[in-house]
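Down below is the structure, laid out as structure tokens.
Because only heavy atoms are used, hydrogens play no part in the values below, and waters and symmetry mates are left out as well, while side chains stay in. Chain letters run A, B, ... following the sequence lines, proteins first, then strands; residues in each count from 1.
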Amino acid sequence: MKKTLLLLVALFFLSCEIEYDGETKLVVKGKVLLENNLPLSNHEVKLFVRRESSSIPFIFYVPSETNFVGKATTNENGDYTMVIPKPKSNYNEIIIEINSNSPYHKRQIRNIDSDDFSNFELNIGTEKLFQRENLANLYINLNQVNANFQFLNINYIGDYTDEIKYFKPLSDEYIDYFDNLSKLVKKNQELVIQWEVRNNSTNIVSTFEELLIIDEQESIQFTINY
Amino acid sequence: MKKYIFLLILFSSFTAWSQDKADKKVQLKPELSIAFVSHIYLGDNYLSKGHKQLAIGALLKLNILRYQQFLLAFEYEKTTLQVDDFEIGGNIDKTNINTFRGILSYRISESNKIVFDPHLKFGSVDLRQKNGSKFYGNQQGNTLGFGTDIFYKLNKTYILFSNIGYNYYFFRVNTTNEFVDYFNHASSLNITIGLKIN
């Protein structure tokens, strides 16, 4: 009897897929600009609804699922509007992807869910895209030289971007912390890097700053000793 | 809604049998019609602007009762539309529209070879959206309309059947003020050609 019950539970979960409420339509709006602040027109914006896989060993396994639910094209002002059916509760996040195949870098806005919509609408705001050939990869290496010191955070002042932007901070701060240690930076600029370090023995937080000259290199390594 | 239609049929059947015996006024007159139906959706709304025109479907109509020149019928129709506007409505491939209607008709000139049945119709509508095998939810609502059936008698059993009508649809979609009318109201003109079996 128990085996049959387990099998039924397993089959139930196997058949679970992301469901949608067709009677609730969510509206997503946004704007896409180029690095020189001109609107990027006639570019495709896609919306995906994603669920991670889940399992209980030997009982059930539900594979991950990604649905390509919405798509729009930016108008002459760079504005776009998408209307999608509302995903029901069995999903993890809504992802908006701008420009996956073009001379401009890809941009994904992640970690959105239906609670972020107010009166059925979500305005993503303005996203700025850079030409791929104008971007370099900046990697920050952390080198702890004093065991009492703890690296807290890092900020950048200048032209930089990310392929992935989180609409709201991740609940997992660890991922957020390491995600901030690599950036796509515009070539031929002076970028200011600021970081904070706490001395755990005195509890004093110190801020450091360094000017980094970004030239034509495709990849830049910068080491912070703390 | 399906439950109400079923109960209405049941109730009407009993009424017909009892009254048939009494005065022969309300009669049980089953007539089955099978037809292809084509809709042209009108106005600034999701069915009209968000889909390719024209929509082709099929319907099954069953005349049940007759009282003097008045006829009561029920109809099930399934129409499929190809989605054209992915921005307003989602990356959806097709929309199936299932409609259940009750129809009240008035029969004109029965003795002639050509018969007209002008009618009023009211029912429920269910819009079901899919992309491939992936189901993207449904929208329910109501429909009302008017039109006329035109019959051409081929013989005692088979009658050529055509219908021209206007349909109005109300849905119950929750969305922003900008789009609420766009999703919640629609109208169509329909042309139907089929066969009625007595």
Output, in order, the C-alpha distance, side-chain angles, deciding distance and verdict of side chain to side chain contact (heavy atoms under 4.5 Å, CB included) for V27(A) and T175(B).
CA-CA 8 Å; V27(A) 179; T175(B) 187; 3.8 Å; yes

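The minimum heavy-atom distance linking T176(B) with N119(A) is given by the pair CG2-O, 3.4 Å. Here the closest non-hydrogen pair linking F120(A) and N174(B) is CZ-CB, 3.6 Å. When all heavy atoms of G89(B) and P85(A) are compared, the closest pair comes out as O-CD, 4.1 Å.
Contacts between Y136(B) and chain A at a heavy-atom distance below 4.5 Å involve backbone atoms as well as side-chain atoms. For I18(A), the parts lying under 4.5 angstrom from a heavy atom of chain B are both the backbone and the side chain. Contact of Q140(B) with chain A is made through backbone and side chain together, with heavy-atom distances under 4.5 Å.
Counting non-hydrogen atoms of other residues, nucleotides and ligands closer than 6.0 Å to CG of N155(B) gives a total above 12. Heavy-atom contacts from other residues, nucleotides or ligands closer than 6.0 Å to OH of Y158(B) number 12 or fewer. In this structure, I193(B) places its CD1 atom where only 12 or fewer heavy-atom neighbours from other residues, nucleotides or ligands lie under 6.0 Å away. Counted within 6.0 Å of CD on Q221(A), heavy atoms from surrounding residues, nucleotides or ligands total more than 12; the atom is thus considered enclosed. Under a cut-off of 6.0 angstrom, the local environment of CZ in F170(B) is crowded, with over 12 non-hydrogen atoms contributed by other residues, nucleotides or ligands. Annotation: K31(A), atom NZ; neighbour count of heavy atoms from other residues, nucleotides and ligands within 6.0 Å is above 12. Counting non-hydrogen atoms of other residues, nucleotides and ligands closer than 6.0 Å to NZ of K29(B) gives a total of 12 or fewer. The environment of Y152(B) atom OH is sparse: at most 12 non-hydrogen atoms of other residues, nucleotides or ligands sit within 6.0 angstrom.
Comparing R128(B), R172(B), Q129(B), Q139(B) by how many heavy-atom pairs each has under 4.5 Å with chain A, the most go to Q139(B). Ranked by heavy-atom pairs shorter than 4.5 Å toward chain A, the options D85(B), I92(B), N138(B), L127(B) are led by N138(B).
N91(B) places no side-chain N or O within donor-acceptor distance of the main-chain N or O of K71(A), the cut-off being under 3.5 Å.
Between atom CE of residue M82(A) and atom CZ of residue F86(B) there is a gap of 14.0 Å, rounded to the nearest 0.5 Å.
Side-chain contact check for Y20(A) versus K134(B): some heavy-atom pair is nearer than 4.5 Å. Residues K25(A) and F179(B) fail the side-chain proximity criterion, which asks for heavy atoms closer than 4.5 Å.
Shown are V83(A), T81(A), T73(A); of these, the side-chain contact (heavy atoms from CB on, under 4.5 Å) with E87(B) is made only by T73(A).
Taking a cutoff of 4.0 Å between a charged side-chain nitrogen and a carboxylate oxygen, E178(B) and K29(A) qualify as a salt bridge.
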